[in-house]
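Per chain, numbering begins at 1; letters A, B, ... match sequence-line order.
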Amino acid sequence: MKCIKCKGKAQIKLPQHNSRFCKTHFIEYFHNQVSKAIKNYRMLNKDDKVLVAVSGGKDSLVLWEVLNQLGYCPDGFYIDLGIDDYSRQSENTCRSFAQQRGLDLHTVSIPELMGGLGIKEISRKTRRNPCSVCGLIKRYYFNHYALNKKYNVIATGHNLDDEAATLMSNLTRWQTGYLSRQSPVLPKNHPAMVKKVKPLHRLTEKETGSYAVINRIPYIYEECPLAEGARSILYKKTLNYLEFYSPGTKRQFYLDFLKKGKYNFKDSEQANLTSCNTCGQPTTLETCAFCHLIERLEVKKQVLS
Amino acid sequence: MLVKVEIPPYKEHQFERGMKVNKILKELQLNPESVIVIKNSELLSPDDWVEKDDEISIRSVISGG
Ligand code: SF4
Ligand SMILES: [Zn+2]
Ligand SMILES: [Zn+2]
């Protein structure tokens with residue numbers, strides 16, 4: 001198996017592109033895909049202050065690495081979710097990655113901010129699914145922290161598989177509002193909102209995983225012990241099944257949705273975006289979901305320094 | 001060869017002969033789109049040959065949550 005660029009030994013096969021690449025040309029291909037995403041959606045400028053949300057998993061660390069290589073000088077942001085060993089290991093992984101590359105890692109701790117409670121405890125106390133409270137809390141602090149520290153873009157490691165699985169989930173339930181909003185860029189729609197971008201949305205999990213191994217980026221590949229994700233994993237496996245028999249299906253499904261499908265769906269919610277009467281962050285309600293959660297937990301919210 | 005599947009329930013498989021990576025995945029009914037195969041920290045391609053005495057690991061690339 002030979003690299004289609006240099007005829008050297010190919011290290012990776014990409015049936016969806018009918019391509020095979022050696023290490024060097026795979027890295028070149030990967031960076032090109034990220035650059036293309038950034039350019040197509042005007043995600044970043046070289047003078048933007050960029051914060052990369054990192055979890056210790058492959059996608060976010062790969063994103064941090066690539067943005068750094070492409071000259072965007074991103075800082076990392078890790079949220080300690082207080083999920084026992086898993087959170088400790090994840091944080092250490094992010095720390096050593098940052099240290100090795102001389103990058104800045106910012107961290108906040110949910111137990112410190114929320115009266116000693118981790119995600120598990122919060123989920124139990126509120127009788128809500130852990131991933132749903134976790135998502136809500138992470139989104140809140142990403143935005144809050146970035147705004148406080150004057151970052152103007154938050155980059156997350158969502159890949160093609162994440163986005164395609166979300167699309168499939170939204171389609172099977174005809175969530176027309178979500179469909180109209182699903183995008184590689186979420187613009188600054190409110191003075192207290194920071195723009196969010198997904199520069200890996202053109203690359204599959206297989207590609208980000210391969211990139212991590214080829215570039216010797218140590219990452220946590222154990223799943224979070226609270227991962228309920230049964231449904232999103234089911235969608236991913238289904239898409240990979242189709243992909244196996246018909247290479248290119250997954251890419252086409254998602255990228256063509258962005259090009260040809262999305263504009264057919266109307267969004268009714270975004271128009272009603274206002275400021276939370278308690279914290280000032282953007283919300284479609286009077287009090288935002290995060291402040292409701294804090295109220296229910298009866299904890300005193302700590303202010304970020 | 002020893003194949004460590006680093007996906008719960010973390011099974012290990014022993015094969016008595018050398019094989020291509022492709023064939024190993026087929027034997028274990030794993031979708032090549034969902035996993036990466038590693039030998040001594042190096043990524044293996046589907047066409048790479050794995051010797052009878054080698055040890056490899058297979059990692060899922062699917063993340064949940
Ligand atoms: S799997 Fe769920 S609980 Fe665990 S980090 Fe992801 S969203 Fe949070
Ligand atoms: Zn090459
Ligand atoms: Zn609020």
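- Only the side chain of A/Tyr219 comes within less than 4.5 Å of a heavy atom in chain B; its backbone stays farther off.
- Of the two parts of A/Ala10, only the backbone, made up of N, CA, C and O, holds a non-hydrogen atom closer than 4.5 Å to a non-hydrogen atom of chain B.
- Taking 4.0 Å as the cut-off between side-chain N and carboxylate O, B/Asp48 and A/Lys13 do not count as a salt-bridged pair.
- The two residues A/Tyr241 and B/Asn31 come nearest to each other via the heavy atoms N-ND2, 3.6 Å.
- Within a 6.0 Å sphere centred on CZ of A/Arg173, heavy atoms belonging to other residues, nucleotides or ligands number more than 12.
- For B/Pro8, no part lies under 4.5 angstrom from a heavy atom of chain A.
- Rounding to the nearest 0.5 angstrom, the gap separating the CD atom in B/Glu33 from the OG1 atom in A/Thr249 is 10.0 Å.
- Here the OG atom belonging to B/Ser41 is positioned 13.0 Å from the CD1 atom belonging to A/Ile214, to the nearest 0.5 angstrom.
- No donor-acceptor pair under 3.5 Å is formed between the side chain of A/Lys206 and the backbone N or O of B/Ile36.
- Rounding to the nearest 0.5 Å places CG of B/Asp47 at 12.5 Å from NZ of A/Lys2.
- A salt bridge between A/Glu222 and B/Arg59 is absent, with no side-chain N of the basic residue lying under 4.0 Å from a carboxylate O of the acidic one.
- Surrounding CZ of B/Phe15 are more than 12 heavy atoms belonging to other residues, nucleotides or ligands, all under 6.0 Å away.
- Considering CG of B/Leu44 and CD1 of A/Ile12, their distance stands at 11.5 Å, rounded to 0.5 Å.
- When each of A/Lys9, A/Glu207, A/Lys237 is checked for heavy-atom pairs under 4.5 Å with chain B, A/Lys9 comes out on top.
- The heavy-atom pair separating A/Lys236 from B/Ile62 by the smallest distance is CD-CG2, 3.7 Å.
- For the pair A/Tyr221 and B/Ser60, the minimum side-chain heavy-atom distance is 4.5 Å or more.
- At least one donor-acceptor pair under 3.5 Å links the side chain of A/Gln11 to the backbone N or O of B/Leu43.
- Taking the side chain as every heavy atom from C-beta outward, A/Arg216 and B/Glu42 approach each other to under 4.5 Å.
- With a 6.0 Å radius and a threshold of 12 heavy atoms from other residues, nucleotides or ligands, B/Gln14 has its CD atom above the threshold.
- With 3.5 Å as the limit, one finds a donor-acceptor pair spanning the side chains of B/Ser63 and A/Glu205.
- Heavy-atom distances place no part of A/Thr208 under 4.5 Å from chain B, backbone and side chain included.
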